Amino acid sequence: MDRYDSIIVGAGHNGLVCAAYLARNGQRVLVLEAAPAPGGLAADREFHPGFHTSIAHSIGHFSSKVAGDLNLAAHGFTTAKRRLPVLGLRLNGEHLVVDGDSLAGVGADDAAAYKNHRARMGRFATTLSPFWLKTMPRISGGSLADWTTFGRIGFNLRRMGREDFREFLRVASLPARDLMDEQFSDAVLKAVLSWDGLIGSKLAPRSPNGAVPAMLYRMAEAARGGHSIPSGGVPGLIQSLQRAAESLGAEIRCAAEVRRILVGGSSAGLAVKGVQLANGEQIEAARVVSAVDPKRTFLDLVGVRYLDIGFTNRIRRLRCDGTVGKLHLALSGLPEFSGLPQPNGRMILAPDMDAIEFAFDDAKHGELPVHPVMEILMPSLADASLAPPGQHVLSAQVLYVPYRLKGGWNDAAGERMRERAIDAIAQYAPRIREQIIHGEFLTPEDVALGCRVTGGHWHHVEFALDQMLMMRPTYEAAQYQTPIPGLYLCGAGCHPGGDLTGAPGHNAAQEILR
Amino acid sequence: MSRYDAIVIGAGHNGLTNAAYLAKAGLKVVVLEKNDYIGGAAVSRELHEGWTYSNCSYVCSMMRQAIHRDLNLSRHGLILVPYLGTINFGQGDERLLAYHDEEAAHLELKRHSPRDADAMQRLQADLTRYSQLIRKTLLRTPPDPASFRLRDLGELLFLAKQFGALGEREIYEYVRFFTMSAAEFLDDYFENDLVKASMATPGIIGTALGVYSPGSAYILLHHVMGDVDGNIGAWGLARGGMGAISKAIAGALAENGGEIRTESPVQRVLVQNRRVVGVVLDNGDEVRARVVVSNLDAKHTFTRILDRRDLPEGIYEKARHFKIRGSSGKVNIALSGLPKFAGVPDNPHLNRGGQAFIGSMETLERAYDCWKRGRWSDEPFVESVIPSAWDPTVAPPGKHWMSNFVQYCPPTLADGPWTPEKRERFGRTVVDRVAQYSPGFKDLIVHMEVRTPHDIEQEIGLTEGNIFQGELTLDQLFFNRPFPGHGQYRMPLRNLYLCGSSTHPGGGVSAACGANAAREILRDLRRPNTVPDDDFHDE
Amino acid sequence: MSTPDPYAGERLKLSPFHPRQQALNIRDAWTSWNGYKFAEHYYEAEYEYFCVRNLCATYDISPMQKYQIQGPDAQTLLNRMVTRDVAKVGLNRVAYCVWCTDAGRVIDDGTIFRLAADRFLLTCGSPCTAWLERSAYGFAEVEVKDLSDALAALSLQGPTACAVLKKLGLDGIDAVKPFDIRHFSLHGTALMVSRTGFTGDLGYELWIEPDRALELWDALYAAGAHYGIHPYGETATNMARLEAGFIMPGMEFNEALKTVHFEHDQTPFELNLGWLVDFNKPHFSGRRALLEEKRRGPKYTLTKLDVEGNRPAEGGSRIYGNKRCTKAVGYVTSAMWSPAAKANIALAMIRTEHRQGALWAEIYYEKELRQYSRVAKCTPLRKPFWAPPRARATPPPDY
């Protein structure tokens, strides 16, 4: 049997980032991936011959530190210089365009308010951004470093000035709807600006406590929340990470599903021994780092017998029901959205916040949204190689699609959802149906099964105040170490959270190497 | 023109409390009330001959006993009696009876789920723990987190110590309580839908949140942190109705030489050189004073009785953004006899408690969904209590009055404003809801008063009829209440104070807001403090 | 048809032995336990106590909570839940156990009966369904069944207990060792007998289906007629268990899941039950916390005290490290005058670092309504106040 310093379970982007850092530090690292190719939710998906996309369809706040440390540019990771504008589509064709600091297509009051909003959120985001790449302290840890981190958070917040600090303490828990209503009057603008606070979470515009932290998290990098599509699409990032990790000596094995994380026990307690693959093969390692979501890691791969009962319950009760469905269309040509010269950007189809709220209400009760709202992207515009010449890929993130559908998911329900989503698009792009060569709809359950992520949740664990920071995923495992010696977490279920950031993988590696 | 040390606008229970403490310190105080009765939302009113309705608030648990004792409210006629538990009505024949005796309650829960019966004990211990921490802050002025003054730092340290004493695990559990939805929080305890729903309902009472909205777990805590004689979570009825509380506090005010003028609506607050100097009444009379204390909600105060031009920059906007949403209705019913409920034993102990017409978690949430759409649900959540079952003063012998609190009821309807006809229909919905579980109910009805958020606003002055004078969400709690930077009862205009539930600790008949405001006013006027400390620091 | 009792939901449940016990409870001295009507005493507490110590007496343990845990994962489940190594409990053997939170705080204590390789009976004083459900989560092959109302149980304690059971016709009962289980048949019904109890004396517990409970009672009382058999209630039990040094929830420890204040619950080490914690097991719930506790030493240690004089140091009395009573080092949890040992005994929680030094109890007492206090010297004891050899002897003597 081989023996490695570290085995990483799961070659999602965080697993690859963590592997690369460990390998860079001289560790002998093996990454095991169940799927035939790495990437997880960012993996390439040829959903129709010649048509490529990935479940995560753009990159918002990938850590520039990680990209720099791992020299990803040298491995082919380049992002378009121009960030994708956010397009708020209106039925009358008079769309609004949010492009970083600039905003077009709204009244003067809203434009002025946007400046203030953008500046204020920018200040908040700047204050918080250092902490996304830091291990959160443990309250009972009592080490000086821990308290220093706490102190620095407090100090940075206070340094914003008295007014900003006070406002931060108020705004941080505001529902997206209130935040928008306080500042803006344009219904589409409100829907567009609240989008990044809601998508991926089980949150509606009226839900307090979660939206603003999500917005600020997504504004962590210099682009302040601006998205882009790298060459090769999002899978291009994965390729560069894979190359970076491999060039640093990490070994990546795909189609190697880990069935169990092996835990040995003696009178000295428990210790991780390695992993067992689905084919029965056992691989030994000094430590196992799981990029898999916490529920799956602990409840399925480790097994409750090695866990304390209270801890098991804290893992079990983690909220991780996905809310986002994914629509992929192979199109014979570029779709025409009324009033839009070029569908190049993140197109938000949500007439107002009520529309988002009501779609949420349906899903909350385990029903299909009658009028889904969504974000549409045309990845093939960024990289023509993603579709056959002249043809295009449409990728849409559809809100809200329940993970637990009343009566359960089946083909008919999936089709109904796909048709509703296409109908919603057809309101803005009337001729779209004529262009569809093939369409697929991925429900959260499909994502859960296909990507082996509990609940099909983007963030592995719902991004909510009680499941953030030093409580992510639970306080016993929030510093990437787990109660089982030698077992670490490095996935989106850890601080700081989901999305394509590389931060959990980076932070976990720092802890392991400490 | 008359001159006072202090004017209190509004004779709600907090206004009266505030005035009583100022008067106790020797100040010359007048309370100005627009209605011809005092009490605000803590009133007893004979709206049908022989029947006295507590037509707004109807039960009490947060009343600070330190104040009760300090103002001698018992001597002024107040007696609070705990009422026995609540019968929870589920779907169809499902009933969850709340027995007073712990073992009987356990067995009743066990009938629904043995696991939940155990979990209830854990929940009670947890609620007690979390309540104890919050309770310690009720009669204290919140610190300003942005201040480096010794007093604020001291308060912050006090809080940190209280948190620290919880131990690591419980600190995190506490965060859950503060931020989660009631439903998801209770998922950790219960599997049975009705058991869960019965505990979730305090999480939505009075608020524009649903059982699944993050933040509703805190509302739940807000409703269970009170106590009657140290029994945390118990609720009590005031003999003679909720007006007895206001009456007793008014008695204490009079005893200390304070004055109350009813039918004296304040038209506006007088401001000179950025200082508040008095008020002008509707009839044009001016009343001047060193300080003006508003018992009205923050939005009402800053957008309706203050001139926008008198306000420092930004305050008007803050007040306008202050979330004070109408979400509750109230139906008061005079009955010719005690209603009987299907599936409930004819046990007088049970029937002296309350009734919660729930349905299921989904029914509760769907009622909220209706509210969002500017409608009321056909199956609203109704929390009822029949005070006449033990209070002989509120209805003729053998007759009864029933208080029905309804969640949700929109402040304005999708199809236009409230009309008498719509109100009538709303009342019918509520009666139908009760009658669904009490077949002969409609035949007992002698008189009925239906109150929508609109009616409550018109009569009591609470913006949108919000019973808490402002939503109890994190952005409006503690030092954020009513606005960041103004959480210490002093308002951004000199000599202007707020003393209603728009301030910490928020809604409920606690008298704490009024007392806390008095402490700060006396401090500013360099008078000795007359407000007592709370009395359970070693809980 | 008569109208249903409107108070049915509030009335206490009746034990399967109730008809006989009611007849003997001539003063109607009832209290309750887990919703069952339960005797405080039947005739007189001290009389019943002496029946336990001198003859034999029965105690109704039907209200105790009983759970059957069955399936291939049953042992793994229990081994993760309790601190002892259940694998070491042989077939038809009983083990006293505690189970803890992750923080190593005692949730409850109880006994585990191994009835087959994959079948156990767990008994405890308070309902445990929710914790068992949590403990069972993630185990595919185990079933937890609440047998509390499906199994009647009667404890028979005292020096003549074995003789009575012999007289009842339980052949071979004298070969049953402490913590052994033996299965018999009573008039064709399965009767399980375990040599267990809560008195520190010779004694057995008899387990039978509720429908046959009265039959067992009658047969037992017929067999015991010449051996002075008598029922005893809660008060006498509490006396006997204190002499034996056994702990009671609500007295010596607070059930962790119902504890409001931080660390106002106890660890096994604080309860002097370190011997129940088997660190040779690689894992059990609370192991990490308890290892840390062992390394650091418990804050308090439950200590048996022999108190000077004859005034019991009622529960709540403070213990001091000096006679002037200025240095508080602990508090009494249970105390009484021991009629068997003729000693003034107490269980007390003492700050561990002060256990070796001199200890003084401040005792409040009254003499015909006038209140007095005195300071009494306390001597820590290692052994129980009462531990007669017959409790461990096999075969036990007949009286």
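Note that this is a predicted model, so its numbers are computed, not measured. Numbers restart at 1 for each chain; the letters A, B, ... are given by sequence-line order, proteins then strands. Just the heavy atoms: all of them, side chains too, but no hydrogens, waters or symmetry mates, feed the values below.
- Closest approach of Ile204(B) and Val211(B) over heavy atoms only: CG2-N, 3.5 Å.
- Looking at Lys323(B), the atoms closer than 4.5 Å to chain A (heavy atoms on both sides) all sit in the side chain, from C-beta outward.
- The two residues Tyr480(A) and Pro496(A) come nearest to each other via the heavy atoms OH-N, 4.3 Å.
- With chain A as the partner, the residue from Arg320(B), Glu317(B), Glu173(B) showing the most heavy-atom pairs under 4.5 Å is Glu173(B).
- Asp152(B) and Ser147(B) are linked by a side-chain donor-acceptor pair at a separation below 3.5 angstrom, with hydrogens and angles left out of the test.
- Side-chain contact check for Glu155(B) and Thr141(B): no donor-acceptor pair (N or O, by modelled atom type) lies under 3.5 Å.
- Of the listed residues Glu163(A), Gln467(A), Lys406(A), the one with more heavy-atom pairs under 4.5 angstrom with chain B than any other is Lys406(A).
- Asp187(B) does not touch chain A: none of its heavy atoms, backbone or side chain, sits under 4.5 Å away.
- Aromatic ring pairs are classed by plane angle as parallel below 30°, tilted from 30° to 60° and perpendicular above 60°; the pair Tyr130(B) and Phe177(B) is perpendicular.
- If you check the side chains of Asp293(A) and Thr454(A), you find a donor sitting under 3.5 Å from an acceptor.
- Shown here is Arg404(A), whose CZ atom has no more than 12 heavy atoms of other residues, nucleotides or ligands within 6.0 Å.
- Ranking Thr473(B), Leu209(B), Asp188(B) against chain A, the residue ahead of the rest is Asp188(B), based on heavy-atom pairs under 4.5 Å.
- Closest of all the heavy-atom pairs between Ile315(A) and Lys295(A) is O-CE, 3.4 Å.
- Between chain A and the options Ser213(B), Gly215(B), Pro145(B), the largest number of non-hydrogen pairs under 4.5 Å is found for Pro145(B).
- Note: His223(B) and Phe468(B) meet the aromatic proximity criterion, with ring centroids under 6.0 Å apart.
- Ring to ring, Phe302(B) and Tyr316(B) are not that close: their centroids are 6.0 angstrom or more apart.
- Within the 4.5 angstrom heavy-atom criterion, no atom of Leu477(B) approaches chain A.
- Contacts from residues 171-179 of chain A to chain B, taken as heavy-atom pairs separated by less than 4.5 Å, involve Ser173(A), Leu174(A), Pro175(A), Asp178(A) in sequence order.
- With a 6.0 Å cutoff to the six-membered ring centre and a 45° limit on the axis angle, Arg140(B) counts as a cation-pi contact of Phe158(B).
- Contact annotation for Leu203(A): only side-chain heavy atoms (C-beta onward) come within less than 4.5 Å of a heavy atom of chain B.
- Comparing His365(A), Lys202(A), Arg158(A), Glu167(A) by how many heavy-atom pairs each has under 4.5 Å with chain B, the most go to His365(A).
- With a 4.5 Å cut-off on non-hydrogen atoms, Glu184(B) touches chain A through its side chain but not through its backbone.
- Neither the backbone nor the side chain of Glu476(A) comes within contact range of chain B; no heavy atom of the residue lies under 4.5 Å from a heavy atom of that chain.
- Between Phe163(B) and Tyr174(B), the gap from one ring centroid to the other is short of 6.0 Å.
- Taking the ring centre of Phe483(B) as origin, the terminal cationic atom of Arg170(A) falls outside the region bounded by 6.0 Å and 45° from the ring axis.
- Closest non-hydrogen pair, Phe479(B) versus Leu169(A), comes out as CE1-CD1, 3.7 Å.
- Using a 4.5 Å heavy-atom cut-off against chain A, the contacting residues of residues 358-368 of chain B are Glu362(B), Glu365(B), Arg366(B), Tyr368(B).
- Using a 30° and 60° split on the angle between ring planes, Phe185(B) and Tyr189(B) fall in the tilted class, from 30° to 60°.
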